[in-house]
Undergrad: 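Sharing a structure, written as structure tokens. Questions coming.
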Amino acid sequence: MAIIKIQKGTKDILPSDMPVWYFMEDNARKIFSEYGAKEIRTPIFEATELFARGVGDTTDIVNKEMYTFEKSERSLTLRPENTAGVVRAFIENGMHRLSAPIKLWYKGPMFRYERPQAGRQRQFHQVGVEVFGIKQPTADAEVILMAVNYLNALGLNDLSVELNSLGCPKCREEFKTKLKDVIKPYLSQLCPDCQARFEKNPLRLLDCKVEECKAIYAKPEIQEVIQSDFICEECSEHFSGLKSYLDALKINYSINKLLVRGLDYYNRTVFEIKSNNLGSQNAVCGGGRYDSLVRNLGGEDTPAVGFAMGMERLASLIGNRDDEKTRAFVVSNNTVEGIKLAEELRRAGISAEFDLTNKKFVKQLEKASKVAKFAVILGEDELNSNQVTVKNLDTSEQKTIPREELLKAI
RNA sequence: GCGCCUGUCGUCAAGCGGUUAAGACCUCGGAUUGUGGUUCCGAUAUGCAUGGGUUCGAAUCCCAUCAGGCGCCCCA
């Protein structure tokens, strides 16, 4: 019979992978709560319309990457990201009435129908933070600080923070128009991708990798527009406020005027954190400010900033972590006494294993040395004298002690 | 969705058209009736992603499908 195989773009997270995942999850809880953020868990499927309206129906994510299905005449979608879901929960639970800032963090699986490759799966996991209710750039700074500290806690240092401001809808439109005007004369010389971007997302034109296009964008009159500070005074003030906070916090960052995020809801601050050790999917964290999303989804006008990180990408940077060994392995050929002693240890809060197949002494000890820190030897001699032998399997030290002293010895 | 590359045991692999498909790790058993992590012996793919084809003969060549890798696009 043919075996049923795992689906394309999905991965089993095996017992041997768990140490890394616990490490990421424990640190998320620890670090984010240092900032007063509370965890929220929202459903993995939502009304399709939430993503269409929230993420934006011109984005690739919504257009071609969603897992959508019908049930009882409702159109449902597996969440491709979690900001829309968190905002939905925020609105639905009246969280705007809580005292601002409202800081929420989450982790969980996300689903995107894409061609899998390194650092990209169809089911993957994100950890993220959303901060609601603060329009000042202090919130942007704190969100970036949370991301950086979390990554540092994971031991990840070889990372760079890139920052940009998209301005508000108004000044961004003006910039787009200016950019299109100056590029228009060369439109027919651009690569097909760029020709499509010209209409769909002109801000993305600039990071094209095709040499011919790059040559065109390097022209002085185009560079002049790109390098100009197009954002309006208010946006500009916000941005310099953020930069001064980051400077004060000694967070290294670089301004990348070409940084544009693919989700429609961002305004003003956008940022990415990249690793040089990841190949082409090199962003471990992406985020920014989305001041109009809450209102667009039907809530009270509430400014917000947040970020999301790809946990599989983090995991591949963290590398292997040691599994925690069982504390005690009871070595005994007396099955009844052995299984009882192991349970006694567990009740005392000590993880314990016992050979269920009554293998020979040597085999049991061999097994113990692989999985446990201590071997607790309960042989005939010990049973007769109500003693137990405790052997430290790392140092080979062992001593035979009265049974009452066992708990103190391991 | 497009382009290039890959697919041999649980894992890492040798094999490059000729008869029993190397080796290593892991696992299991033994050397060893109470002292392991080092050593020594033994076991484990009628099978080379799947389905067709070429050939006297195919893991080796061809085609398709599936899966994976890398790049583009996009994103975390």
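Please read these numbers as outputs of a predicted model, since none were measured by experiment. Every chain is numbered from 1 and lettered A, B, ... according to where its sequence line falls, protein lines coming before strand lines.
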Undergrad: I want to check one thing: is the phosphate of G34(B), taken as OP1 and OP2, less than 4.0 Å away from some side-chain N or O of K391(A)?
TA: no
Undergrad: Just to be sure I understand the rule, does K64(A) reach a base, reach only the sugar-phosphate, or reach nothing, if contact means heavy atoms closer than 4.0 Å?
TA: nothing
Undergrad: Below 6.0 angstrom between ring centroids: does that apply to F374(A) and F329(A)?
TA: no
Undergrad: Tell me if a side-chain donor or acceptor on R268(A) pairs with a main-chain N or O of C168(A) at a distance below 3.5 Å.
TA: no
Undergrad: Using the P atom as the reference point in each nucleotide, state the distance between U8(B) and C61(B) in Å, no decimals.
TA: 14 Å
Undergrad: Would you indicate which nucleotide in C75(B), G69(B), A67(B) comes nearest to any side-chain atom of K8(A)?
TA: A67(B)
Undergrad: Backbone N or O of R120(A) within a donor-acceptor pair of the E114(A) side chain at under 3.5 Å?
TA: no
Undergrad: Has E39(A) got a side-chain atom pairing as donor or acceptor with L104(A)'s backbone, closer than 3.5 angstrom?
TA: no
Undergrad: Which residues satisfy the ring-ring contact (aromatic ring centres under 6.0 Å, His included) test with F32(A), sequence neighbours excluded?
TA: W105(A), Y150(A)
Undergrad: From the set G68(B), C74(B), G34(B), return the single nucleotide nearest to any side-chain atom of E65(A).
TA: C74(B)
Undergrad: Remember a base hit wins even if backbone is also touched, and classify G128(A) as base, sugar-phosphate or nothing at under 4.0 Å, heavy atoms.
TA: nothing
Undergrad: Which way is the base of G68(B) turned, syn or anti, if we draw the line at 90° from 0?
TA: anti
Undergrad: I need the CG-C1' distance between D355(A) and U35(B), as an integer number of Å.
TA: 15 Å
Undergrad: Quick one: label A283(A) by what it contacts on the DNA or RNA (base, sugar-phosphate, nothing), any heavy atom closer than 4.0 Å.
TA: sugar-phosphate
Undergrad: Counting distance alone, no hydrogens or angles: does the base of C74(B) have a donor or acceptor under 3.5 Å from a partner atom on the side chain of R112(A)?
TA: no
Undergrad: Tell me what E366(A) touches on the nucleic acid: a base, only sugar-phosphate, or nothing, going by heavy atoms under 4.0 Å.
TA: sugar-phosphate
Undergrad: Which base sits across from A24(B) as a Watson-Crick or G-U pair, both distances under 3.5 Å?
TA: U11(B)
Undergrad: With both distances under 3.5 angstrom, what nucleotide forms a Watson-Crick or G-U wobble pair with U65(B)?
TA: A49(B)
Undergrad: Between K359(A) and G34(B), does any side-chain N or O lie under 4.0 Å from OP1 or OP2?
TA: no
Undergrad: Considering only side-chain heavy atoms of R313(A), which listed nucleotide, A31(B), G36(B), A76(B), is closest?
TA: A76(B)
Undergrad: Between G119(A) and G9(A), which has a closest nucleotide on RNA chain B that is more 5'?
TA: G9(A)
Undergrad: Of the nucleotides G36(B), C73(B), A76(B), which one has an atom closest to the side chain of S396(A)?
TA: G36(B)
Undergrad: Mind checking the C1' distance from C62(B) to U54(B)? Whole angstroms is fine.
TA: 7 Å
Undergrad: Whom does U32(B) pair with, Watson-Crick or G-U wobble, provided both distances fall under 3.5 Å?
TA: none
Undergrad: When the distance from CD of Q117(A) to C1' of G1(B) is rounded to whole Å, what number comes out?
TA: 13 Å
Undergrad: Taking any heavy-atom pair under 4.0 Å as a contact, classify I377(A): base, sugar-phosphate, or nothing.
TA: base
Undergrad: What distance, rounded to whole Å, do you find between the two P atoms, one in C72(B) and one in U60(B)?
TA: 33 Å
Undergrad: Touch check for Q121(A), heavy atoms < 4.0 angstrom, all strands: base, sugar-phosphate only, or nothing?
TA: base
Undergrad: Mind checking the P distance from A59(B) to U19(B)? Whole angstroms is fine.
TA: 10 Å
Undergrad: What is the distance from NZ of K370(A) to C1' of G37(B), rounded to the nearest Å?
TA: 9 Å
Undergrad: Roughly, in whole Å, what's the span from NZ in K363(A) to P in U27(B)?
TA: 10 Å
Undergrad: Rounded off to whole Å, could you give me the CG-to-C1' distance for the L154(A) and A76(B) pair?
TA: 14 Å
Undergrad: Hey, does the side chain of E272(A) reach the backbone of E162(A) with a donor-acceptor pair shorter than 3.5 angstrom?
TA: no
Undergrad: Considering only atom P, compute the distance from C66(B) to C73(B) and round it to an integer number of Å.
TA: 25 Å
Undergrad: When you compare A67(B) with A45(B), how far apart are their P atoms, in angstrom units rounded to a whole number?
TA: 29 Å
Undergrad: Please evaluate residues T326(A) and E353(A) with respect to the criterion side chain to side chain donor-acceptor pair (under 3.5 Å), reporting the C-alpha separation (whole Å), side-chain torsions for both, the decisive distance (0.1 Å), and the verdict.
TA: CA-CA 7 Å; T326(A) 300; E353(A) 285 193 82; 3.0 Å; yes
Undergrad: Quickly work out the M110(A) CE to C74(B) P distance and round it to whole Å.
TA: 22 Å
Undergrad: Using only heavy-atom distances, decide whether a donor-acceptor pair under 3.5 angstrom links the side-chain of R115(A) to the base of C74(B).
TA: no
Undergrad: Answer with base, sugar-phosphate or nothing: what part of the nucleic acid does N333(A) contact at a heavy-atom distance below 4.0 Å?
TA: nothing
Undergrad: Tell me which nucleotide, if any, is Watson-Crick or G-U wobble paired with C70(B) when both distances must be under 3.5 Å.
TA: G3(B)
Undergrad: Distance check, P atoms only: C9(B) and A14(B), in whole angstrom units.
TA: 12 Å
Undergrad: By the 4.0 Å heavy-atom rule, please label G287(A) as base, sugar-phosphate, or nothing.
TA: nothing
Undergrad: With respect to the side chain of V362(A), which nucleotide from U32(B), G69(B), G30(B) is positioned closest?
TA: U32(B)
Undergrad: Please name the nucleotide paired to A59(B) by Watson-Crick or G-U wobble geometry with both distances under 3.5 Å, or report none.
TA: none
Undergrad: Between R120(A) (CZ) and G1(B) (P), how many Å, whole number?
TA: 13 Å
Undergrad: Report yes or no: is the cationic atom of R122(A) (NZ for Lys, CZ for Arg) closer than 6.0 Å to the six-membered ring centre of Y113(A), at no more than 45° off its axis?
TA: yes
Undergrad: For a quick test of reading the model: is some side-chain N or O of Q364(A) closer than 4.0 Å to OP1 or OP2 of G36(B)?
TA: no
Undergrad: Under 4.0 Å, counting only non-hydrogen atoms across every strand here, what does G286(A) touch: a base, just sugar-phosphate, or nothing?
TA: sugar-phosphate
Undergrad: When the C1' atoms of G47(B) and A64(B) are compared, how many Å lie between them, rounded to an integer?
TA: 22 Å
Undergrad: F124(A) has a side chain; which of U35(B), G36(B), A76(B) sits nearest to it?
TA: A76(B)
Undergrad: Indicate, with a heavy-atom threshold strictly under 4.0 Å, whether Q398(A) touches base, sugar-phosphate, or nothing.
TA: base
Undergrad: Tell me, please, which residues at least two apart from R295(A) pass salt bridge (charged side-chain N to carboxylate O under 4.0 Å, His left out).
TA: D301(A)
Undergrad: Check the distance between A76(B)'s P and E130(A)'s CD and give it to me in whole angstrom.
TA: 11 Å
Undergrad: By nearest nucleotide on RNA chain B, pick out whichever of L365(A) and E81(A) is the more 5' one.
TA: L365(A)
Undergrad: With sugar-phosphate meaning primed atoms plus P, OP1 and OP2, does E114(A) contact a base, only sugar-phosphate, or nothing at under 4.0 Å between heavy atoms?
TA: base
